Each structure stands twice: as C-alpha cells, then as structure tokens.
Protein chains: 2
Amino acid sequence: MQQSITNLKDFISQRIKLSGWLYSKREKGKLIFLQFRDGTGIIQVVVFKDNVTQEIFDRCKKITRESSCVIEGKVREEKRAPEGVEIDLDSIEILHLNSEDFPIQIQDVVPEVNFLMEQRHLWLRSRKQVALLRVRSQLIYAIRTFFQKRNFVCVDSPILTPAACEGTTTLFKVDYFDDEAFLSQSGQLYIEAACMALGKVYCFGPTFRAEKSKTRKHLTEFWMIEPEISFITFDKLLDFIQDYIEEIVQTTYSNCVPELKILERDLSKLDQIKRPFPIISYKEAVEIIKKNGEQIQYGEDFGAPQEEALVKEFNKPVFVTRYPSNIKAFYMKPDPADNNLALCVDVIAPEGFGELIGGSQRIDDYDLLKQRILDHKLPLDSFKWYLDLRKYGSASHGGFGMGLERTLSWISGIKHVRECIPFPRLLYRIYP
Amino acid sequence: MQQSITNLKDFISQRIKLSGWLYSKREKGKLIFLQFRDGTGIIQVVVFKDNVTQEIFDRCKKITRESSCVIEGKVREEKRAPEGVEIDLDSIEILHLNSEDFPIQIQDVVPEVNFLMEQRHLWLRSRKQVALLRVRSQLIYAIRTFFQKRNFVCVDSPILTPAACEGTTTLFKVDYFDDEAFLSQSGQLYIEAACMALGKVYCFGPTFRAEKSKTRKHLTEFWMIEPEISFITFDKLLDFIQDYIEEIVQTTYSNCVPELKILERDLSKLDQIKRPFPIISYKEAVEIIKKNGEQIQYGEDFGAPQEEALVKEFNKPVFVTRYPSNIKAFYMKPDPADNNLALCVDVIAPEGFGELIGGSQRIDDYDLLKQRILDHKLPLDSFKWYLDLRKYGSASHGGFGMGLERTLSWISGIKHVRECIPFPRLLYRIYP
C-alpha cells in the first residue's frame with residue numbers, strides 16, 4: 001500500500017512507500033537531504049550513507065530536480081519539520097531521470113514573470129503554486145456547499161450567446177457555423193429565467209471579457225459565481241451576501257491553514273472577516289474617498305485609487321450601496337426613495353484587493369426594462385426572451401456576481417490574479 | 001416568515017404564506033383548485049367560496065397561468081396528494097397578473113420541440129423541466145463531493161486554447177484580439193500538467209465541439225468531468241471508475257426520488273447500478289455485437305446501432321477495454337501485451353443511452369508521444385508544453401472524461417440531451 005505525505009503522521013516508526021518527484025536536494029558529507037513531493041505535500045527525506053547500499057546512495061546523488069521516483073523508508077517524528085515528520089530513506093527507484101535541467105530554479109531571485117507564465121505547466125509544481133491551487137479548490141467547494149446547504153439549484157448558464165449582457169464593446173466573437181456567437185460575459189440574464197422556474201439558483205462557470213486592460217486585477221477568462229433569488233428584497237439580499245462572505249471565507253480559511261502559511265498570508269486579517277460588515281451609501285463612500293485625499297466627483301464610478309482610499313477605513317469588505325443609476329448596469333432597479341439611485345451593492349475587499357461582488361435588485365417592470373434596453377442601444381430582438389420574464393409572472397428578484405480569482409487573490413493575499421487561475425488568459429497570452 | 005413547498009409537512013394545521021406562481025387552475029362550482037408552484041415544488045391549493053371573501057374568490061377566478069402571487073392558508077394533511085399535504089386558502093395577493101396567455105400550454109399533446117426550444121426560458125417552468133434541472137444540480141454536487149472526499153484538487157482547465165486537443169475538424173474559432181484562439185474540446189491535456197503538480201486532480205467545465213451532428217446525443221456546448229491521477233495503473237483506473245459510477249448514481253438517486261418519479265424513471269433500473277460492472281475487451285464486444293445481429297468489422301469504431309446491440313446483454317454500464325490504437329486518441333498508451341491495442345476504456349450505458357465515459361492510461365514516453373503528434377498531423381509547436389510533461393519527471397498516469405448531459409440523460413431516463421442542459425446549444429440554435 002502507498003501512503004501520501006499528508007497522512008504520514010499516522011505512520012510514525014513505520015515503513016512507507018511514496019511515489020512522487022524530487023523537489024530539491026542538498027548534500028553534506030555522508031548525508032543527502034531530499035525534498036520530496038507527491039502532490040499532497042513536500043517532505044524531507046534523509047539519506048545516510050552508512051544506512052543504505054552504495055547503489056542506493058549513488059542514485060540519490062545522481063537524481064535531478066523534478067525526476068520522478070518511488071522511495072521507501074521509515075517515518076520519524078521531527079517536531080521542527082513543517083509536516084512534523086521526516087523520512088529515513090531505505091531505498092529509491094528512479095522512474096524517469098531528467099536529462100536536462102528543469103527550467104524553473106528554486107532561488108531567492110524571483111524569475112521574470114513572462115518566463116514563468118510561458119512555463120506555467122511546470123511552474124504549477126512550485127510550492128506556492130501548489131498551495132494556491134489547493135486554496136482555490138477548497139474555495140470552490142466551500143462556495144458550492146454554501147448554496148447546496150440552502151437548497152439552491154445549480155443552473156449552468158450558456159457560454160455561447162447571441163448577444164451582449166453588459167454592453168457590446170468587450171465581447172469575444174465566435175464563428176458559429178454560418179452564424180456568429182459571443183462568449184458570455186455573465187450568466188445573469190439566464191439565471192434570472194431560471195430563478196423564475198426554480199426559486200433560488202446559482203451559476204458558476206467561466207466568463208469572458210475582451211478588455212484591453214493589463215492590470216493585476218484583470219483576466220480575459222475568469223470564473224464567476226452568480227446566485228439569483230426570487231421574491232427577495234434589497235435588505236434581505238444584503239443580509240444574504242453577509243452570510244455568504246463570512247461562510248466561504250471562514251470555511252476556506254479553516255481548511256487551508258497550512259497552505260495559507262506557505263503563501264505567507266497574514267492570518268489575523270482573515271480572523272476578522274465575520275459579520276457584521278460595514279454598509280455605507282455611495283454618497284458616504286464619496287465623502288470618505290475625498291477625506292482620504294483621492295479625487296472623485298459625485299456621480300463618477302470608482303477606479304483602483306478610489307477603492308484604495310475608501311478601504312483605508314475598513315479591515316473588512318465594505319458594502320457600498322445605491323450608486324447613481326447612470327453609472328450602473330441597465331437591469332438594476334431604481335431606489336423607490338430616489339429614482340436616480342439604483343438598488344445595488346458593490347462589495348470592495350480590504351487591503352486593496354478591489355471589487356469582489358456586484359449585486360442588485362433587478363427591474364421587474366416590463367416597460368421600464370424595455371426602455372432601458374433601448375436607452376443602452378442594446379439589440380431588442382436578442383433581449384426578447386429576457387423581457388418575457390417581466391411579461392409572465394414578473395416578481396421581485398435580485399442577486400450578485402462574484403469573481404472567483406479576485407476573491408482567491410484576496411483570501412490568499414496574492415496580489416496578481418494571473419496566479420489565481422491554473423492557466424491564465426491575458427491580453428497577450430493564450431499559451432500554454 | 002415564509003415557508004417553501006418542500007417543507008410544508010412540518011406545518012400541518014398551521015397557517016403559512018408562500019410566494020410563487022400559478023401553475024394551473026380547475027374550477028368546479030363553489031370550488032377552485034389552484035396548482036401553485038414556488039420553485040421548490042407544486043402543491044394543490046383549495047379555494048372554497050364560503051370560506052373566503054367575495055373579493056378573494058374573484059381574484060382566484062381572475063388569476064391566469066404563471067401570474068405571480070402570494071397566498072396564505074392552512075396546511076391540511078392529504079395522503080392522496082404527491083406532497084402529502086394541501087392548502088386551504090384564506091387569502092391571495094396577485095403580484096403580477098399576466099395580460100396575455102402564457103405560451104406553453106399544459107396538455108396531453110406534446111408541443112412541437114422547436115417551439116419549446118424557442119421558449120426555453122419559459123419551458124424551464126414546466127414540472128418535468130424543473131425536476132430534471134434539480135437532478136442535474138444534485139448530480140453535479142454528487143460528482144464534486146466524490147472527488148472532494150478523496151482529496152482531489154479541482155483544477156479548472158482553460159476554455160480559450162491555442163490548439164486542438166482531439167483533432168482540428170470540430171473546433172470553434174474565436175477572434176482573440178489580433179490573434180485567434182479555439183474553444184476547448186477537452187481539458188485533458190491541461191489536467192495532465194496539473195496532475196504532475198498535485199497528484200490527483202479533476203476539471204469540470206464546459207467544452208465545445210463544432211460537430212454538424214443532429215442526433216439526440218449531441219450538443220455543441222456541454223459540460224465534462226475529467227479526473228487525472230498520477231502513478232495509477234490501468235487496472236486501478238478501472239477500479240476507480242467503478243467506484244465513481246456507483247457513488248454518483250446512487251447518491252443522486254437517493255437525493256432525487258420525487259424528481260425521478262415525476263420524470264417517470266423506472267427506478268428498478270437504477271437499483272442495479274452497483275459494483276461489479278461487466279468488463280470486456282473490444283474484441284469480445286465485437287463478437288457480442290455480431291451475435292446480436294448488427295454489422296461490425298474488427299477494427300471499426302462503434303456507432304449508435306453497435307452500442308445498442310452490445311448493451312442488450314447488460315443491465316449495467318459495460319466497460320469495453322483495449323480498442324485498436326488507430327481508432328483512438330493519439331495520447332493513449334499502447335498495451336504492453338499487444339502494441340496494436342490501447343490501454344483504454346469506454347463505458348457504455350445500458351438502455352441505449354450511449355457512451356458515458358472514455359478513459360485511458362496516457363503515453364508517458366517522450367519519443368512515442370512526439371511521434372504520435374506528428375502522425376496525427378497536429379501542430380508540434382502548440383504541443384511543446386504537453387511534451388515537456390514527458391521531459392521532466394514523466395510518470396504513469398491516467399484518467400477519463402465523462403459528459404454530464406449524457407450521464408444525466410441516462411440517470412433520468414430522458415432520451416434527448418437537449419433537455420439535460422438549461423440552455424442547449426445545437427447546430428442551428430444559440431437562442432435564447
């Protein structure tokens with residue numbers, strides 16, 4: 001039977017067998033220290049010349065970085081080791097000896113990012129990248145479990161769509177047989193249809209924006225979570241988002257402490273991500289931004305400098321509500337108390353990680369929605385089905401969208417979203 | 001507080017309030033029977049003229065199909081009802097009265113499919129479609145939980161890719177800024193890279209095939225589950241697939257009995273989907289197909305008629321192993337016992353639902369893989385990174401791909417996959 005590195009603590013003083021790869025190596029006289037990884041973790045393997053045959057010792061001298069091998073040895077408790085154990089090696093079998101040097105070196109000098117991106121398929125093997133992808137996976141499962149527990153139905157929205165959701169300027173065009181289609185920018189319109197059928201729904205899939213941005217917060221392909229709830233009021237929606245953020249952050253955090261430590265995340269920042277979250281109006285946000293020395297006029301949307309000025313005040317995500325309608329999406333419902341404002345919320349992460357969530361109550365009135373589509377110069381024909389949702393059994397409903405990579409970047413404390421997705425797509429990158 | 005239809009059994013003899021839509025209506029003298037739906041289920045609401053005001057009774061007479069409303073009433077046990085309860089109505093508030101007839105009628109005559117597809121956003125509200133989407137959602141969660149429990153890491157493969165995975169003829173081309181990209185046909189090559197980093201991984205996302213097929217088993221956009229496991233042998237892979245099928249089917253089945261009954265699924269068929277599953281060779285499969293009267297030559301792949309002839313023998317999914325290499329994908333490892341055969345498996349569903357799974361051991365030898373890429377006239381440049389996986393620490397590995405909609409169609413007993421995805425994309429359909 002083979003073990004894995006994560007459960008070696010249950011095998012102290014026992015002989016075990018592991019398949020994996022050499023992560024790094026250090027030699028010191030009669031001793032060779034192998035850092036060995038198997039996908040679940042990295043462990044130190046100690047080779048002592050007097051305890052193994054000459055042939056085994058020679059193999060350990062010969063093995064190169066990222067060569068694959070099977071090792072056997074005895075597990076020894078070692079309190080100073082990150083995993084709490086080390087292995088005293090008895091034998092090693094090299095499965096595939098790399099003839100060339102592995103392109104990615106372990107060194108203090110960080111390699112040039114474009115080089116690493118070109119080698120993404122190999123860069124994934126690095127300790128930090130492994131940790132980050134594990135956090136991503138736990139976050140995904142925490143999100144899905146949050147909805148599953150609350151009887152939401154997962155309704156996958158389509159990727160190939162006939163029209164734009166949020167304007168037409170940032171669409172990727174696809175040759176669809178003799179026709180054309182566009183890659184989805186958001187599943188929202190579709191899950192609005194689904195929420196009228198199933199009550200509480202969410203979609204969670206890839207979305208696409210052909211933005212020419214090259215900031216650290218932008219990808220052209222990224223994953224979005226979009227719940228939609230029928231018969232919800234705006235206040236209940238804000239309440240729901242608070243539950244959601246607390247649960248997904250705390251669940252991921254508690255399942256990923258070793259990984260977050262590898263990523264050098266300041267865990268005290270995550271301890272604080274609990275209800276209640278600060279809820280302020282757009283108007284109040286503008287005042288705070290001005291007070292903190294950043295330029296903004298009432299009526300303008302926030303850029304990165306404004307977001308950073310705003311969140312100086314907060315150590316939790318801040319909920320900014322009721323933006324002026326004319327800087328927000330066409331489908332957002334006006335505030336009955338002030339028609340110029342939208343019943344919307346943006347949730348902005350602390351520490352400068354940017355906008356996590358955009359949500360709103362949706363327009364449920366047919367005539368107003370039709371007018372908005374016309375005002376935004378969107379093709380009415382493509383939205384006929386969407387208008388039908390207000391023609392037949394219209395009901396108050398609302399929801400939000402959350403970018404997965406942006407959220408992962410915040411939880412993990414990784415500044416650049418390009419590391420937060422296994423194979424990032426950027427303005428000038430679709431390889432590997 | 002509002003309840004939902006699924007938990008009304010806990011409120012017998014109590015007054016409750018529900019928001020939802022009128023599904024259908026029947027009048028009989030002083031009685032009106034409303035079929036009321038809230039997304040979680042459908043329930044009968046009884047309106048008795050003598051128990052309500054004239055105004056309430058008139059509203060119930062006036063309300064049209066799929067109008068949205070809030071009802072209040074008392075829950076009464078009713079053993080003959082599917083949900084075990086009915087509601088005696090006290091009051092109703094109509095939120096949005098449909099001025100026009102809802103386009104989809106409830107009738108014995110099944111409406112023309114193209115019409116229903118055009119109205120997919122409204123068709124979703126039908127009892128069977130709601131049930132089917134609920135089964136889909138439970139199946140998705142069962143699959144993700146299967147992998148989560150076994151410490152697999154979810155690694156999302158990219159949708160925008162520079163090259164074809166399984167041949168170049170069925171690719172959708174995307175305008176990618178000044179370049180071009182293709183929609184992914186499979187995440188497999190990418191999760192092979194991930195499995196060398198993380199040991200056990202899976203991806204689960206949309207994939208695309210620009211096939212001009214119009215059969216009931218084809219979609220141009222569909223979701224695939226693709227696990228990949230390092231250091232696995234072919235026999236262990238077969239074993240793993242057996243565990244996987246049993247668990248995802250039995251979990252979904254046990255969570256969805258009411259939905260499967262609505263779909264009129266023969267549940268006795270699902271009772272049998274337990275280990276062990278029949279495992280036969282391609283050669284044996286060819287003999288069975290011939291015996292059952294269908295034409296096939298050794299060396300040919302199976303079409304639908306051959307699959308149907310084969311599964312006559314079995315009431316469980318059948319595992320067909322070791323096809324001739326030349327009719328299978330380029331990356332499949334040859335059988336050491338016979339170089340002309342591939343270490344591969346197709347799992348074919350009973351009852352004529354077609355191929356569920358295609359899996360294999362992958363080629364781990366650099367030279368052989370490079371030769372295969374050249375033989376298949378694939379662009380070597382685009383596969384440089386994929387070859388790197390055999391240059392650095394190559395290791396035996398294998399996995400499989402499973403189509404979500406095909407699997408859902410089998411579990412639910414729905415013959416056509418176009419109903420098994422919320423918004424199907426077909427050769428001539430990208431609307432709504």
Side-chain angles (χ1 to χ4, degrees), chain A residues 19 21 38-40 66-68 95-96 98 102 121-122 124-125 130 133-134 137 140-141 144 148 153-162 172-177 181 190 193-194 196-200 205-206 221 223 230-231 385 388-389 392-395 421-423 425 427 430-432, chain B residues 19 21 38-40 66-68 95-96 98 102 121-122 124-125 130 133-134 137 140-141 144 148 151 153-162 172-177 181 190 193-194 196-200 205-206 221 223 230-231 385 388-389 392-395 422-423 425 427 430-432:
Chain A
S19 299
W21 297 266
D38 73 345
T40 73
E66 284 299 327
S67 290
S68 50
L95 299 173
H96 179 234
N98 294 341
F102 191 68
H121 54 297
L122 303 176
L124 290 180
R125 302 184 188 185
V130 165
L133 288 185
R134 286 193 175 277
S137 180
I140 291 169
Y141 195 74
R144 292 191 176 265
Q148 177 79 8
V153 181
C154 173
V155 178
D156 297 303
S157 54
I159 308 303
L160 293 164
T161 59
F172 286 115
K173 191 163 76 66
V174 183
D175 296 341
Y176 196 76
F177 302 106
Y190 290 96
M196 297 294 153
L198 292 143
K200 295 187 290 186
E221 174 181 324
W223 285 63
S230 58
F231 300 107
W385 69 268
D388 274 357
L389 306 179
Y392 303 109
S394 191
I421 188 164
F423 294 91
R425 269 58 184 122
L427 180 50
I430 46 169
Y431 177 93
Chain B
S19 299
W21 298 265
D38 73 347
T40 73
E66 285 300 328
S67 291
S68 50
L95 299 174
H96 179 234
N98 294 338
F102 191 68
H121 54 296
L122 302 176
L124 290 180
R125 303 183 187 184
V130 165
L133 288 185
R134 286 194 176 276
S137 181
I140 290 168
Y141 196 74
R144 292 191 176 265
Q148 177 80 6
N151 293 314
V153 181
C154 173
V155 178
D156 297 304
S157 54
I159 309 302
L160 292 164
T161 59
F172 285 115
K173 190 162 77 67
V174 183
D175 296 341
Y176 196 77
F177 303 105
Y190 290 96
M196 297 294 153
L198 292 145
K200 295 187 290 185
E221 174 180 326
W223 286 63
S230 58
F231 301 107
W385 69 269
D388 274 355
L389 307 178
Y392 302 110
S394 189
F423 294 91
R425 270 57 186 123
L427 180 49
I430 48 169
Y431 178 94

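Numbered from 1 within each chain, the chains take letters A, B, ... in sequence-line order. Just so it is clear, the structure is predicted and the values come from calculations on it, not from any experiment.
- Interatomic distance, CZ of B/R144 versus CZ of A/R144, reported as 3.5 Å (0.5 Å rounding).
- When heavy atoms are compared at a cutoff of 4.5 Å, A/S230 approaches chain B solely by way of its side chain, counted from C-beta outward.
- Per-residue heavy-atom pair counts under 4.5 Å with chain B were compared for A/S394, A/A193, A/P422, and the maximum is reached by A/S394.
- When atom types are taken as modelled, the side chain of B/W21 and the backbone of A/G393 share a donor-acceptor pair closer than 3.5 angstrom.
- Interface remark: of the candidates A/A194, A/A395, A/G199, A/C154, A/C154 forms the most heavy-atom pairs closer than 4.5 Å to chain B.
- Contact annotation for A/I140: only side-chain heavy atoms (C-beta onward) come within less than 4.5 Å of a heavy atom of chain B.
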For B/W385 and A/L122, what are the C-alpha separation, side-chain angles and deciding distance, and is it a side chain to side chain contact (heavy atoms under 4.5 Å, CB included)? CA-CA 9 Å; B/W385 69 269; A/L122 303 176; over 6 Å; no

Working for side chain to side chain contact (heavy atoms under 4.5 Å, CB included), residues B/R425 and A/Y176: CA-CA 10 Å; B/R425 270 57 186 123; A/Y176 196 76; 3.9 Å; yes

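- Of the listed residues A/L160, A/V130, A/L124, the one with more heavy-atom pairs under 4.5 angstrom with chain B than any other is A/L160.
- Heavy atoms closer than 4.5 Å to chain B are found nowhere in A/I421, neither backbone nor side chain.
- Of the two parts of A/S67, only the backbone, made up of N, CA, C and O, holds a non-hydrogen atom closer than 4.5 Å to a non-hydrogen atom of chain B.
- If you tally non-hydrogen atom pairs under 4.5 Å between each of A/Y431, A/W223, A/Y141 and chain B, the highest count goes to A/Y141.
- Interface residue A/I430: backbone and side-chain heavy atoms are both found under 4.5 Å from chain B.
- Ring geometry, A/F423 versus B/Y190: the interplanar angle exceeds 60°, so the pair is classed perpendicular (tilted spans 30 to 60°).
- Aromatic ring orientation, A/F172 versus B/F177: perpendicular (interplanar angle above 60°, classes split at 30° and 60°).
- Put simply, the side chain of A/D38 does not reach to within 4.5 Å of the side chain of B/F231, judged on heavy atoms.
- A/D175 touches chain B through backbone and side chain together, each having a heavy atom under 4.5 Å away.
- Chosen from A/Q148, A/K173, A/K200, the residue pairing most often with chain B at heavy-atom distances under 4.5 Å is A/Q148.
- Proximity of B/Y392 to A/H96: side-chain heavy atoms (C-beta onward) are nowhere separated by under 4.5 Å.
- A donor-acceptor pair is defined here as one N or O able to donate and one able to accept, closer than 3.5 Å; such a pair exists between the side chain of A/E221 and the backbone of B/I159.
- The contact between B/P158 and chain A is made by backbone and side chain atoms together, counting heavy-atom distances below 4.5 Å.
- Counting heavy-atom pairs closer than 4.5 Å to chain A, the top residue among B/D388, B/N151, B/T40 is B/D388.
- Put simply, NE2 on A/H121 and CG on B/L389 are 6.0 Å apart, with the number rounded to the nearest 0.5 Å.
- Interatomic distance, CG of B/L133 versus CG of A/L198, reported as 5.5 Å (0.5 Å rounding).
- For A/P432, the parts lying near chain B are the backbone and the side chain together; criterion is any non-hydrogen pair under 4.5 Å.
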